[in-house]
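Numbering of ligands and ligand atoms starts at 1, following listing order.
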Amino acid sequence: MRPNGIIIAIDGPTASGKSTTAREAAKRLSYIHINTGAMYRAFALYANQWGVSSTDDSRISGLSERAYIDFDENGNILLEGRDVTKEIQVPEIAQLASELATLPQVRSKMVAMQQEIGKNGGVVLDGRDIGTVVFPDAELKVFLIATPETRAERRLDELVSSGTNITLEKLTDEIIERDKRDSERALSPLKKASDAIELDTSKLTFDEQVERVVELAKGKVD
Ligand code: DC
């Protein structure tokens, strides 16, 4: 065992419910939650603020050296110390994050930060490559799946309630496009680890999916 408990890796495609499940499971276990997608999004916001395009390799390298990304005690994502939790939710930042996440210099910076934050255990990390690359030795690995349509419907509700105007069709197309890029990229693609437990969230209520993770975690700790 690690000093603070086990490492729980929750991977899966866009809008599969990873972050909400990870956040609630972490709360029930009194663990820390690390939303790694939010880190890529915060970096995308940073690049956007500096007007740097994802094809400008050398400037992206410079930015990834300088970017200061962190979480506060409530799990909100901080960029240069500023809470950007809301700003990173918009679809343009999600697309840019997916593009930037294909770049080796960006991934190595993010992965190093995630390993540093999680190494003592007592953490739930959610992302695409947690069980395969960031913590291949995580004690519990869960891979969440759901159809693109189910995922688009869920994400639409979130976006509409936060004031973003987008149709279900456009959102489904964007999700399919992001899935394709995230799964086909050369570096750390979205992939289920061979020892991960697959959970189809379209067939479970939110409470059921959180409980499954908590039960599995307790099984590992005992
Ligand atoms: O989970 P999300 O939609 O907030 O993630 C935003 C983008 O970041 C996603 O399109 C792919 C990328 N990402 C990644 O490559 N690796 C991770 N561990 C987390 C996210």
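Side-chain polar atoms of R178 and S98 form no donor-acceptor pair below 3.5 angstrom. The closest side-chain donor-acceptor pair between R128 and T36, if any, does not fall under 3.5 angstrom. Side-chain contact check for D207 and T205: no donor-acceptor pair (N or O, by modelled atom type) lies under 3.5 Å. A donor and an acceptor atom, one from each side chain of S16 and R151, are nowhere located under 3.5 Å apart. Counted by atom type alone, T21 and Q209 present one or more donor-acceptor pairs between their side chains at under 3.5 Å. A donor-acceptor pair shorter than 3.5 Å can be found between the side chains of S61 and Q105.
Residue, atom and distance of the protein heavy atom nearest to atom 8 (O) of ligand 1 are Y40 CB, 3.5 Å. With respect to atom 7 (C) of ligand 1, the closest heavy atom belonging to the protein is A97 CB, 3.9 Å.
Near R41, with a cut-off below 4.0 Å to any heavy atom, the atoms of ligand 1 are 2 (P), 3 (O), 4 (O), 6 (C). Atoms of ligand 1 found under 4.0 Å from any heavy atom of R178 (numbered from 1 in listed order, with element): 3 (O), 6 (C), 9 (C), 10 (O). If you number the atoms of ligand 1 from 1 as listed, the ones under 4.0 Å from a heavy atom of G127 come out as 18 (N), 19 (C). Per-residue contacts place S98 under 4.0 angstrom from the following atoms of ligand 1 (heavy atoms of the residue considered): 10 (O). Each of the following atoms of ligand 1 lies closer than 4.0 Å to a heavy atom of T36: 17 (C), 18 (N), 19 (C). Counting atoms of ligand 1 from 1 in the listed order, those under 4.0 Å from a heavy atom of K18 are 1 (O).
Annotation for K192: atom NZ counts as buried by contact number, over 12 foreign heavy atoms lying within 6.0 Å. Counting heavy-atom neighbours within 6.0 Å of N165 CG, excluding the residue itself, gives a total of 12 or less.
A donor-acceptor pair under 3.5 Å links the side-chain atoms of E139 to the main chain of I7, judged by distance alone.
When the heavy atoms of I130, D179, D129, L96 are ranked by distance to atom 18 (N) of ligand 1, first place goes to D129. Considering M110, R181, R107, Q95 only, the shortest heavy-atom separation from atom 16 (N) of ligand 1 involves R107.
Of all the heavy atoms of A101, the ones lying under 4.0 Å from any atom of ligand 1 belong exclusively to the side chain. Residue R185 touches ligand 1 through its side chain alone, judged by heavy-atom distances below 4.0 Å.
Below 3.5 Å of separation, one finds an N or O of D182 facing an N or O of ligand 1. Inclusion of D126 in the set of residues having an N or O under 3.5 Å from an N or O of ligand 1 is not warranted. For the pair R128 and ligand 1, the shortest N or O to N or O distance falls below 3.5 Å.
Note on ring orientation: taking the six-membered ring where Trp is involved, the planes of Y46 and F43 are tilted (angle from 30° to 60°).
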